[in-house]
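Comments concern the structure below.
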Amino acid sequence: MSEFSRRNVLRGGLAVTAAGAAVPALGAGPAAAGTPWPPPPGPAKVGRGDPRHASLAERGYNRRFVGAPEHVWVVGTTAHVVRAVQEAVDGGRRVTVRSGGHGFEGFVADPAVEVVIDTSAMTGVYHDPARRAFAVEPGALLGDVYRRLYLGWGVTVPAGWCPTVGAGGHVAGGGFGPLSRLMGLAVDHLEAVEVVVVGRDGRARAVVASRDGANRDLWWAHTGGGAGTFGIVTRYWFRTPGARGDDPAGLLPAPPPTVLSFSVEWDWAKLDATSFARLVRNHGAWAERNGGPDSPYTRLYSELQLNRRPLGSVGMIGQVAAGADAERLLDGHLEAVNEGVPVRPVRRLRRQPWLAAALAGSRATRARSTASRSSPDTCAGA
């Protein structure tokens, strides 16, 4: 009998993988035929008597809203979603949907909601050669989308800054983030969407709506109309308009190799009504002047955060795409925003590889993980 060792176990595992050819490559999609492995979770109908109910119903992202649904469906496939929707329709129950659970409003965590369909287990991100596009399921977190697309093919979708937001609600609302001034919104690259809808006959079914094909009006509605408004998204497909060929690396834009992330703070105690108003006007005026595609500042993105006075400061966070002039661009931006404001701001800079920055999120995002969630930013998403 051969010696049982870690080396032999690894050899055996590699042999099985090579012989069976069943383990997909990084970012690969579901098997073309047969039952996917591992099988997706669900469908699980979790009612109030189930110990899982509290974890699924009380996500607590915005503590102003507390939901108490009769049950939450944990779904793993489009067929699961169809089944859950049909049961809610047949029972006359108010139903809503959740992906990452970062919604600031009470659309999901609302006492009037009776059924929640939780798509957080639908996390696929893969190249779909049949559509010449990248498929992203609604429960995939943005950080996982960035990681898989970039490591697998060197591309990205210009979406939000918060890596723990689910794609489902974020993309349906438009999807914006640090690369949007340079590359557009996430939905500018939306090729098609799979949606579970309910027809006039009261029957739930899945349909595909695409940019240049069937159900184009439904596709258009998902380029900013908001999550859960027109149906429940079970899959997005992304391809940049005008992208040619079959090479996946050419179907979406490549992110910059490195970025300069920054945060800026103005001491609230040193601001009066006049200087505060001047600061806000300056930021808006700068954005208006530099809103065109010919602006030298398309590589710079910033958010002015008008925090309440008890938080101690007014903040600005942002990012500049790679380039030797990154700090010069930031200096020009900050000079314009601070013009006529008699308060010297404090700034912090960090230059990182793009993926590291994308997975870290913004400094303000990380701070909010232990504070009240009440300020809208790129973490928005249902």
Side-chain angles (χ1 to χ4, degrees), residues 29-59 67-101 103 107-110 112-126 128 135-141 166-169 171-172 192-210 214-215 218-219 221-222 225-237 381-382:
T35 302
W37 186 261
K45 185 178 180 180
V46 179
R48 290 173 178 162
D50 191 302
R52 296 171 292 177
H53 185 270
S55 296
L56 288 166
E58 301 174 16
R59 299 295 288 272
E70 293 179 8
H71 58 266
V72 179
W73 281 94
V74 177
V75 294
T77 69
T78 300
H80 294 170
V81 177
V82 172
R83 173 182 167 182
V85 170
Q86 189 63 62
E87 183 178 298
V89 171
D90 292 344
R93 299 288 192 271
R94 179 172 173 178
V95 61
T96 190
V97 61
R98 180 175 60 215
S99 55
F107 299 144
V108 178
D110 186 296
V113 171
E114 298 165 294
V115 178
V116 174
I117 299 177
D118 190 301
T119 64
S120 61
M122 301 178 69
T123 60
V125 179
Y126 56 92
D128 183 347
V136 176
E137 294 183 350
L141 303 183
V171 174
V193 59
E194 180 181 70
V195 195
V196 174
V197 298
V198 179
R200 293 180 180 178
D201 58 359
R203 307 309 298 171
R205 67 187 189 279
V207 300
V208 174
S210 61
N215 304 308
L218 184 60
W219 165 86
H222 283 85
T229 306
F230 308 98
I232 295 180
V233 173
T234 51
R235 197 182 327 269
Y236 295 107
W237 284 276

Paired with Glu70, the salt bridge (charged side-chain N to carboxylate O under 4.0 Å, His left out) test is passed by just one of Arg93, Lys45, Arg94, namely Arg93

Between Gln86 (side chain) and Val198 (backbone), is there a donor-acceptor pair under 3.5 Å?
no

Q.
Quick one, Glu137 and Ser99 - any side-chain contact, counting heavy atoms below 4.5 Å?
A. no

Is the side chain of Thr119 donor-acceptor paired with the backbone N or O of Arg98 at a distance under 3.5 Å, no angle test?
yes

With Val115 as partner, the option from Val95, Val89, Val72 fulfilling side chain to side chain contact (heavy atoms under 4.5 Å, CB included) is Val95

If you apply the rule side chain to side chain contact (heavy atoms under 4.5 Å, CB included), what do you find for Trp237 with Asp128, and how did you get there?
CA-CA 8 Å; Trp237 284 276; Asp128 183 347; 2.9 Å; yes

In short, Pro138 meets Arg235 closest at the heavy-atom pair CD-N, 4.2 Å

Met122 and Thr77 have their tightest heavy-atom pair at CE-C, 3.8 Å

Given side chains that start at C-beta, do those of Val208 and Asn215 come closer than 4.5 Å, heavy atoms only?
no

Keeping Arg48 on the side-chain end and Pro69 on the backbone end, is there a donor-acceptor pair under 3.5 Å?
yes

Heavy atoms of Phe230 and Val195 approach each other most closely as O-CG1, 4.3 Å

Smallest heavy-atom separation, Arg83 atom then Pro43 atom, equals NH1-CG, 3.4 Å

For the backbone of Leu218 and the side chain of His222, can you confirm whether one donor and one acceptor N or O come within less than 3.5 Å of each other? yes

Tightest non-hydrogen contact, residues Gly231 and Val197, listed as CA-CG1, 4.5 Å

Are Asp201 and Arg203 ion-paired here, with the side-chain N under 4.0 Å from a carboxylate O? no

For Ile232 and Val85, the nearest pair of non-hydrogen atoms, with its separation, is CD1-CG2, 3.7 Å

Rounded to the nearest 0.5 angstrom, the CD1-CD distance for Ile117 and Glu87 is 9.5 Å

